[in-house]
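Values reported hereafter were calculated over all heavy atoms of this structure, with side chains retained and with hydrogens, waters and symmetry mates removed.
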Amino acid sequence: MVNLRGLFVNKVKTMNTYEGFDQKSSEGVWLRCWNETTGITNVRHTHHTLSGRRWDQLTKRCKVGSVQQERSVCYQGAENQFIDFQEFTDWSAEEVGYQLKDEGTGNYWSLDKDILNSTRIYSKETCLFVPNKVNVFVAFRKPKDAELPIGCYYNTQRAKYVGQVKENGKTINLGGYSTPIEAHRAWQEEKIRIGYELTDEYQFHGKLYDGLRELVRRIEEQYLNYEETT
């Protein structure tokens, strides 16, 4: 007789809740998540902590061959130098922006490694929390045509190189130009303007203010010296 036992076992259904805070166990250990009984057979309620979600995202960015690394080259070669989740959460709780949210979207500030350093290391010394508009500002993406500089594309109908910049989630066209470098310089000008406005807005955030100021200074220097920003 064929034993059918186990073929019809019900799978456990998980109800996920994403909390905006962190929590410790009774032993004083930070929790990435915890389960709560629901009173319903095969239904589990899992609470994911704020730092638990951030830690999961961080470890995926640093995992070779992950979806995150395939989608964005900025994560390729990324290295996590936090000792463990406990150190990461201890550090996070002391950082500006730890529990702040973006106005409008309601999303929590993101963990960033690019403003304070030019390496691909995540650590206490190289990371900080930033709002989405700062994330957009520091994301320098090359055009689909890799031969073109950042901030421009070729409009075949107009036979012009068009400058573009993103600000507050919106794409702003900067006009058409005869050469790609002219369009790129228009992008640099707007980046400098946006950057100074951001540094003024985040003077209360020492690390972010200093990092933005240094980034804007580099773009301004490249602009004045007719150098390309990469």
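- Each of Glu189, Lys191, Gln188, His184 was scored for a side-chain hydrogen bond (donor to acceptor under 3.5 Å, both in side chains) with Tyr223, with one residue passing: Glu189.
- The two atoms that bring Cys127 and Leu116 nearest to each other are O-CD1, 3.9 Å, heavy atoms only.
- The minimum heavy-atom distance between Asp22 and Ser51, with the atom names listed, is OD2-OG, 2.7 Å.
- Salt bridge Asp210/Arg213: present, at least one basic N to carboxylate O contact under 4.0 Å.
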Check: Is there a side-chain contact (heavy atoms from CB on, under 4.5 Å) between Trp34 and Thr46 once you walk through the steps?
Finding: CA-CA 6 Å; Trp34 77 91; Thr46 299; over 6 Å; no
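- Smallest separation of non-hydrogen atoms from Gln81 and Ser123: CB-CB, 4.1 Å.
- Once rounded to the nearest 0.5 Å, the distance linking CG of Leu128 with OG of Ser110 reads 10.5 Å.
- Side-chain atoms of Thr59 come within 3.5 Å of backbone N or O of Asp56 as a donor-acceptor pair.
- Within the 3.5 Å criterion, the main-chain N or O of Asn16 finds no donor-acceptor partner in the side chain of Thr14.
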Next item on the list: With side-chain contact (heavy atoms from CB on, under 4.5 Å) as the test, would you mind laying out the steps for Lys60 and Val67 before giving the verdict?
Entry: CA-CA 8 Å; Lys60 288 175 182 176; Val67 173; over 6 Å; no
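- By the criterion of side-chain heavy atoms lying less than 4.5 angstrom apart, applied directly or through intervening Ile, Leu, Val, Met, Phe, Trp or Tyr residues, Tyr108 is not grouped with Phe21; the two fall into different hydrophobic clusters.
- Ring orientation note: the planes of Phe82 and Phe88 are nearly perpendicular, at an angle over 60° on the 30°/60° scale.
- Distance alone, capped at 3.5 Å, is enough to place a donor-acceptor pair between the Thr38 side chain and the Val43 backbone.
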Solution key, residues 150-163 side-chain donor-acceptor pairs under 3.5 Å, sequence neighbours excluded:
unit_1: Asn155; atom_1: OD1; unit_2: Gln157; atom_2: N; d: 3.0
unit_1: Asn155; atom_1: OD1; unit_2: Arg158; atom_2: N; d: 2.9

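- Heavy atoms only, all atoms of each residue included: His45 and Met15 are closest at CD2-O, 3.1 Å.
- His205 and Trp109 have parallel rings, their planes meeting at less than 30° on a 0 to 90° scale where 60° marks the start of perpendicular.
- What you find for Cys62 and Asn80 is that their closest heavy atoms are SG-N, 3.6 Å.
- At least one side-chain heavy atom of Val138 sits under 4.5 Å from a side-chain heavy atom of Leu215.
- By the 4.5 Å heavy-atom criterion applied to side chains, Arg53 and Leu50 are counted as neighbours.
- Hydrophobic clustering of Ile, Leu, Val, Met, Phe, Trp and Tyr side chains at less than 4.5 Å, counting indirect connections, unites Tyr196 with Ile194.
- The existence of a salt bridge linking Arg185 and Glu182 is excluded, since no basic side-chain nitrogen approaches an acidic carboxylate oxygen closer than 4.0 Å.
- The hydrophobic clustering, which links ILVMFWY residues whose side-chain heavy atoms are closer than 4.5 Å, places Tyr122 and Trp91 together.
- Contact of the Lys63 side chain with the Gln68 side chain is not registered, since no non-hydrogen atoms from C-beta on lie closer than 4.5 Å.
- Using a 4.5 Å cut-off on side-chain heavy atoms (C-beta onward), Glu201 and Leu198 make contact.
- Taking the six-membered ring for Trp and the full ring otherwise, Tyr177 and Trp187 have centroids separated by 6.0 Å or more.
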With a 3.5 Å cut-off and sequence neighbours excluded, list the donor-acceptor pairs that the side chains of residues 166-174 form with protein atoms.
unit_1: Glu167; atom_1: OE1; unit_2: Arg193; atom_2: NH2; d: 2.9
unit_1: Asn173; atom_1: OD1; unit_2: Gln164; atom_2: NE2; d: 3.0

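- In this structure a side-chain-to-backbone donor-acceptor pair under 3.5 Å is missing from Glu227 to Glu221.
- With hydrogens and angles ignored, the 3.5 Å screen pairs no side-chain donor or acceptor of Asp90 with any backbone N or O of Ala93.
- Considering only heavy atoms from C-beta on, Tyr226 stays 4.5 Å or farther from Ile181 through its side chain.
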Next item on the list: Give the intermediate values and the outcome of side-chain contact (heavy atoms from CB on, under 4.5 Å) for residues Phe137 and Val216.
Entry: CA-CA 10 Å; Phe137 177 76; Val216 175; 4.1 Å; yes
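- The list of ring pair (Phe, Tyr, Trp, His ring centres under 6.0 Å) pairs with a residue in residues 57-77, not counting sequence neighbours, is empty.
- Follow the hydrophobic side-chain contacts under 4.5 Å out from Ile192 and you never reach Tyr209; the two are in separate clusters.
- Pro131 places none of its side-chain heavy atoms less than 4.5 Å from the side chain of Thr105.
- Residue Ile115 comes nearest to Leu212 through the heavy atom pair CG2-N, 3.9 Å, listed as atom of the first residue, atom of the second, then distance.
- Side-chain N/O atoms of Gln23 and Thr49 include no donor and acceptor closer than 3.5 Å.
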